[in-house]
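In this text the structure is predicted, and so the values were computed from the model without any measurement. Counting starts at 1 for both ligands and their atoms, in listed order.
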Amino acid sequence: MEHFIDEESTWLAHNYHPLDVVIRSGHGAWVEDTEGDRYLDCLAGYSAVNFGHTNDRLVARATEQMGRLTMISRAFRNDQLGPLARELATLCEAEMVLPMNTGAEAVETAIKTARAWGYRVKGVPEDRANIIVMGSNFHGRTTTVISFSDDDDARRDFGPYTQGFRQATFGNVASVERLVDPNTVAVLTEPIQGEAGVIIPPDDFMPGLRELCSRNNVLLIADEIQSGLGRTGTTLACDLWGVKPDLMTLGKALGGGIVPVSAVVGRRDVLGVLGPGQHGSTFGGNPLSAAVAREVVQILAEGKPQANVRRLAPQMRRGLESMEGIEHFTHVGLWSGVTIPEELGTGRDLCERLAAHGVLAKDTHGSTVRLSPPLTVTSEDVEFMLTGLAAALADLG
Ligand SMILES: *Cc1c(COP(=O)(O)O)cnc(C)c1O
């Protein structure tokens, strides 16, 4: 294992600080390292692996497509992209789809679309559009996206920053309302904040934003890149409150853990403002990505992952409620942010102890650890995760 670590620290930029486990294979919720030790993957690639590692259906679909056509570019049409747009829009009860690759690109696309809609449809004067975002947001790593982050590590020394964003308080509709003016084109929020530590807003937040945006002719953009596609036991986190955003961004699990696939999904009269040449991506909508995403959409349309999440969520909640040594936790579906008392250690310390007990997880901030296993886990897997957590806490205590 040591030589893998040495190679990485010499040849790889140090923009991550991974745990010292070297994974070489995985199936379902379980992965194996180069020493032959097995772990339950309770990060699931930040929810990119919602349907499990080397998922048989997804691998079969990708393999079949790889032997036929992988990349043609949007200069020509391909036989996977139109069907994906229809099937994904139908799954999301939306009208139009714009395919990209990574999550940050989908967010950039939503921002550009909202601005263009503001100038062309709403009538905002040139270069005056503003977008309201939330404190402790995470929407990706591009220069524009980090311009409206309040995470000092993500932002410091990367200026000058993109203008046109205002920050409200997540969970507080009144704080958003105070920032709305005639040049506001959109409110951009995660329905549940993932990287901030799985922060679940009060029940009046998303419905309140929906009402506020409709009343002021402002677009509601939900970033469902981490919260969406089954994690919460519903297809989209917005479904928890029956809220329909005007645009939403999808990514991570949309690529089935095989290829990066993202998309903006939403209203035809909004996405329809973009014309040829105004936005694009070399790889966006390529037939391999589209084929894998179609299988993901099919899996979600059948509803089994969401049903499994709803079945196991109470077990996860009960386990966390009765766990000793936790300061507090948030929980929805198969998604939880567990915070330990500072004197016990950092989130990193807890993750190291969890790994020693066969559970892989990742700290978010400070003393908070996210638990987000693949949606394919069994009741025994959930029990293994909870037992590992109890043992890790006992080690620290
Ligand atoms: C991960 C994430 C992104 C960025 O996705 P990338 O594929 O890493 O660019 C954007 N928004 C949210 C909510 C995310 O969790």
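Side chain to side chain, Asn101 and Ser262 fail the donor-acceptor criterion of an N or O pair below 3.5 Å. Side chains of Glu87 and Thr90: no donor on one and acceptor on the other come within 3.5 Å.
Residues meeting the side-chain contact (heavy atoms from CB on, under 4.5 Å) test with Asp79, sequence neighbours left out: Arg68. With sequence neighbours left out, Asp37 forms a salt bridge (charged side-chain N to carboxylate O under 4.0 Å, His left out) with no residue at all.
Annotation: ligand 1 has protein neighbours Thr102, Gly103, Ala104, Phe138, His139, Gly140, Glu190, Asp223, Ile225, Gln226, Lys252, each with a heavy atom less than 4.0 angstrom from the ligand.
In summary, Glu321 and Arg318 do not engage in a salt bridge, as defined by a charged side-chain N under 4.0 Å from a carboxylate O.
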Please list every donor-acceptor pair under 3.5 Å in which a side-chain atom of residues 329-344 meets a protein atom from a residue at least two apart or in another chain.
from, atom 1, to, atom 2, distance (Å)
Thr330, OG1, Val198, O, 2.5
Thr330, OG1, Gly337, N, 3.4
His331, ND1, Arg317, NE, 3.3
His331, ND1, Arg317, NH2, 3.4
His331, NE2, Gly333, O, 2.8
Ser336, OG, Thr330, O, 2.7
Thr339, OG1, Thr368, OG1, 2.8

